[in-house]
Amino acid sequence: MKILGIETSCDDTCISVTKVKSFEIISNIVSSQVKLHAKYGGVWPFLAKREHQKDLPIVLKKATKNIDISKIDLIGVTIGPGLEPCLWQGINFAKDLAEKLNKPIVPVNHIEAHILANFLDYQTRQRNLFPAICLVVSGGHTQLILMRDIGKYRLIGETRDDAAGECFDKVARILGLGYPGGPAIAVTVANLKPKTYNLKPKLPRPMIYQKNYDFSFSGLKTAVLYDFRSRSQKIKKSKIYIQEMAAEVQQAIIDVLIYKTIKAAKDFRVKSIILGGGVAANDELRRQFALNLKSEILNLKFLVPPKIFCTDNAAMVAVTAYFHKKEATKNWQIVKAEANLRIS
Ligand code: KG4
Ligand code: ZN
């Protein structure tokens, strides 16, 4: 069975052809709009929509270069959550293609796709993982989800304001590190060498010990802004200040994410912790998660996708469509964008 996945929920135009059940990824093309949005320090929905429209046929051509497109069995397309004008581009493109090829469509939830990116590895499905706590950390979402099985989810907590990725992006902008902020901050921190003097900026760990599974990251960005404004021109432009602040904000985000996720895992007595979303590509987050789980001797399985499947991609959409193949429909007009789609 061959599934064509389409993902346009934000600023990446992605198409993948994935063969199941082996989950052999035949193609996984991502056309990033990073350079375009970098000028503005964030994503402009209508600019992103225009780019998706332009890029989708090109990306499709590349993704289906070595296959007979008429042999596709079904099409999976992200319907939400995401930027509505962008979602519609992918959906309308999927509908046109589905009608032309007479193939069914499976509507895909972007958050679930980030979780199921872990299941692109065939071995993963053989493991005894459930119940699990999933942490989805991206530019638009920070959610803790109790997963009882594939397709069975309960949202137990989420950010009350900015997402973790959004915090990385906004802080990088304050520090002049460019867009997207997560990778820019990670690289800056990796280059930080111990110095003879240091400024040691200190940031809060928002909501860390509160008895709930929610997050809040907007205060962190504000704290960075206040610290930045309080510094002299010389200091705030210095490499050492920027590196130390980048390190502190990255660590503050990591501390909160790890503490709350492990707490949820203990409270719900789960067998595994599953990560997904762009921020899960962060090396330090991955390393410290594994380290913490080891030191607490919790005996939990820890899953995180390869980095290229953490950030937006369409292979994760194809794999999600496979697990929901019963929902495939040729009643194409019922497939609609749901910008605020929730996981349940
Ligand atoms: O999942 P994703 O590609 O798109 C959304 O669904 O939002 O996530 C994008 C977010 C951005 O905020 C970006 O800064 C962040 O993921 N990100 C990272 C890293 N790579 C991407 N954050 C921290 N460290 C990284 N290495
Ligand atoms: Zn995403």
Side-chain angles (χ1 to χ4, degrees), residues 4-18 25-65 76-78 80-94 108 110-111 113-114 117 120 136-141 163-173 176-188 190 276-283 285 304-320 337 339:
L4 186 123
I6 302 177
E7 157 62 47
T8 60
S9 66
C10 191
D11 60 342
D12 293 311
T13 315
C14 322
I15 297 186
S16 164
V17 178
T18 301
I25 297 162
I26 298 170
S27 62
N28 183 43
I29 311 295
V30 180
S31 170
S32 168
Q33 302 175 6
V34 156
K35 279 194 189 137
L36 181 76
H37 298 290
K39 279 185 269 178
Y40 308 101
V43 180
W44 277 78
F46 284 93
L47 212 54
K49 174 195 152 179
R50 203 186 63 193
E51 289 301 294
H52 286 311
Q53 194 170 17
K54 182 166 72 65
D55 289 344
L56 275 163
I58 304 165
V59 174
L60 178 71
K61 211 168 171 183
K62 283 189 193 159
T64 55
K65 195 170 66 185
V77 64
T78 304
L83 303 170
E84 187 150 345
C86 299
L87 291 164
W88 273 117
Q89 285 304 318
I91 293 168
N92 288 333
F93 190 78
V108 167
H110 185 74
I111 300 291
H114 272 308
L120 279 162
V136 177
V137 261
S138 67
H141 296 86
E166 197 176 352
C167 182
F168 272 117
D169 294 338
K170 287 178 175 171
V171 169
R173 199 170 166 184
L177 292 174
Y179 175 85
I185 286 185
V187 169
T188 306
V279 178
N282 186 281
D283 284 320
L285 178 70
V304 57
K307 288 191 218 169
I308 54 158
F309 299 124
C310 287
T311 44
D312 287 350
N313 66 89
M316 70 182 193
V317 176
V319 74
T320 307

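On a predicted model such as this, the values are computed, not experimentally measured, just so you know.
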Check the pair His110, Val317 against side chain to side chain contact (heavy atoms under 4.5 Å, CB included), reporting the backbone distance first and the verdict last. CA-CA 7 Å; His110 185 74; Val317 176; 5.8 Å; no
Asn282 and Ile185: CA distance, side-chain angles, deciding distance, side chain to side chain contact (heavy atoms under 4.5 Å, CB included) verdict: CA-CA 10 Å; Asn282 186 281; Ile185 286 185; over 6 Å; no
Can Phe168 and Val137 be said to form a side chain to side chain contact (heavy atoms under 4.5 Å, CB included), step by step? CA-CA 11 Å; Phe168 272 117; Val137 261; over 6 Å; no
Residues Ser31, Ile58; criterion side chain to side chain contact (heavy atoms under 4.5 Å, CB included); working and verdict: CA-CA 9 Å; Ser31 170; Ile58 304 165; over 6 Å; no
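Going from atom CD1 of Ile15 over to atom CG of Asn313 covers 12.5 Å, rounded to the nearest 0.5 Å. Expressed to the nearest 0.5 Å, how far CD of Gln53 lies from CD of Gln89 amounts to 4.5 Å. Remark: Asp55 CG to Asp12 CG distance equals 10.5 Å, nearest 0.5 Å. Put simply, CG on Asn28 and CE on Met316 are 9.5 Å apart, with the number rounded to the nearest 0.5 Å. How far NZ of Lys62 is from OG of Ser27: 11.5 Å, rounded to the nearest 0.5 Å. Atoms OH and CG, from Tyr179 and Leu36 in turn, are 10.0 Å apart once rounded to the nearest 0.5 Å.
Residues Val319 and Phe309 fail the side-chain proximity criterion, which asks for heavy atoms closer than 4.5 Å. Side chains of Thr64 and Leu4 form a contact here, defined as non-hydrogen atoms less than 4.5 Å apart. Residues Pro57 and Phe93 are in side-chain contact: their nearest non-hydrogen atoms beyond the backbone lie under 4.5 Å apart. Contact check for Leu56 versus Thr8: side-chain heavy atoms found under the 4.5 Å cut-off. In this structure the side chain of Thr13 never reaches within 4.5 angstrom of the side chain of Glu51, judged on heavy atoms. Contact annotation: the side chain of Ser16 approaches that of Ile25 to within less than 4.5 Å [non-hydrogen atoms, C-beta and beyond]. Here the side chains of Leu60 and Ile6 are not in contact, with every heavy-atom distance at 4.5 Å or above. Put simply, the side chain of Val59 does not reach to within 4.5 Å of the side chain of Cys14, judged on heavy atoms.
Nearest heavy-atom pair across Cys310 and Pro305 is SG-O, 3.5 Å. Contact detail for Gly80 and Leu87: the closest heavy-atom pair is N-CD2, 3.7 Å. Contact between Glu84 and Ala339 at its shortest, heavy atoms only, is OE1-CB, 3.7 Å. Residues Lys307 and Ala281 approach most closely at CD-O, 3.4 Å, considering heavy atoms. Here the closest heavy-atom approach between residue Ala314 and residue Gly5 is recorded as CB-O, 3.4 Å. Looking at every heavy atom in both residues, Ala94 comes nearest to Val77 through CB-CB, 3.9 Å.
A donor-acceptor pair is defined here as one N or O able to donate and one able to accept, closer than 3.5 Å; such a pair exists between the side chain of His37 and the backbone of Trp44. Although no hydrogens or angles enter the test, the distance criterion places a donor-acceptor pair under 3.5 Å between the side chain of Gln33 and the main chain of Ala48. In terms of modelled atom types and a separation under 3.5 Å, the side chain of Asp169 and the main chain of Gly181 share a donor-acceptor contact.
Side chains of Glu7 and Ser9: a donor-acceptor N/O pair is present below 3.5 angstrom, by distance only.
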